[in-house]
Amino acid sequence: MAVSKGSSGGEEMCPYRLVLEHVTSRWGVLVLIALEERSYRFSELRREVGRVSARNVSEKMLTQTLQTLERDGMVHRDAKPVIPPRVDYSLTDLGREAAEQVHTLATWTERRMAAVTQARSAYDETRAP
């Protein structure tokens with residue numbers, strides 16, 4: 001998820017869709033939910049996102065996700081002028097609002113997974129050769 005400047009594949013994207021894409025991306029969801037709890041340093045956030053997902057997020061992907069969410073006004077990057085450098089990431093008010101919505105959807109998905117699994121099985125049975 002590179003920092004988007006409003007186009008994807010040469011076509012202009014609806015700005016609402018673009019923000020929705022950023023917020024609901026694979027790593028965007030996990031970053032927002034993690035930062036909803038507290039602020040994190042980069043390496044801490046990377047471990048936390050890896051802990052809750054089936055796969056670890058690469059440094060490159062986490063950096064791109066954070067930059068995109070920062071550009072959209074969801075994440076605040078606080079770089080402290082110390083040695084070694086210290087950078088903390090936290091949610092802005094806008095980011096906190098988005099995180100609450102994403103968290104609600106994630107909770108609903110977890111709660112309704114049995115129904116989704118049942119619907120998938122029924123669908124697959126009707127299409128089996």
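For the single chain, residues carry numbers from 1 onward in sequence order. We use all heavy atoms of the structure for the numbers below, so side chains are in, but hydrogens, waters and symmetry mates are not. The model shown is predicted, which means the values in this text are computed figures rather than measured ones.
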ask   = Would you call Asp88 and Tyr40 a side-chain contact if the rule is heavy atoms closer than 4.5 Å?
value = no
In terms of heavy-atom contacts, Ala106 and Ile33 come closest through CB-CD1, 4.0 Å
Exercise for review: Please check if atom NZ in Lys60 has more than 12 non-hydrogen atoms from other residues, nucleotides or ligands closer than 6.0 Å.
Suggested key: no
Thr92 (side chain) donor-acceptor with Gly73 (main chain) under 3.5 angstrom = yes
(message) Under a 3.5 Å distance rule, please check whether Glu100 uses its side chain to pair with a backbone N or O of Glu97 as donor and acceptor.
(response) no
(Q) Please check if the number of heavy atoms outside Arg112 that lie under 6.0 Å from its CZ is greater than 12. (A) no
Is the positively charged end of Arg127 above the ring of Tyr123, judged by distance under 6.0 angstrom from the centroid and angle within 45° of the axis?
yes
Review point. Under a single-linkage definition using a 4.5 Å side-chain heavy-atom cutoff for Ile, Leu, Val, Met, Phe, Trp and Tyr, are Leu91 and Leu20 assigned to the same hydrophobic cluster?
Key: no
Item checked: Residues His103 and Glu36: side-chain donor-acceptor under 3.5 angstrom -> yes
- What do you reckon, is CG of Asp93 surrounded by more than 12 foreign heavy atoms closer than 6.0 Å? no
Output for pair (Arg86 CZ, Phe42 CZ), nearest 0.5 Å, gives 14.5 Å
Quiz item: Any side-chain heavy atom of Leu62 within less than 4.5 Å of one from Leu45?
Solution: yes
The reported gap from OH in Tyr89 to CG in Leu35 (rounded to nearest 0.5 angstrom) is 10.0 Å
Value for CZ (Arg17) from OG1 (Thr24), rounded to nearest 0.5 Å, stands at 10.5 Å
4.5 Å side-chain heavy-atom contact, Val57 and Arg46
yes
Separation between CE (Met61) and CG (Leu66), nearest 0.5 Å, reads 10.5 Å
Self-check item: Side-chain heavy-atom pair Asp78, Lys80 within 4.5 angstrom cut-off
Solution: yes
Any salt bridge between Arg51 and Glu48, counting N to O under 4.0 Å? yes
Rounding to 0.5 Å, atoms OG (Ser90) and CZ (Arg77) come to a distance of 12.0 Å
Notebook entry, point to check: Among the clusters formed by ILVMFWY side chains lying less than 4.5 Å apart, do Leu105 and Trp27 turn up in the same one?
Noted result: no
Answer yes or no: is there a side-chain heavy-atom contact under 4.5 Å between Val23 and Val29? no
d(Met74 CE, Leu94 CG) to nearest 0.5 Å is 4.5 Å
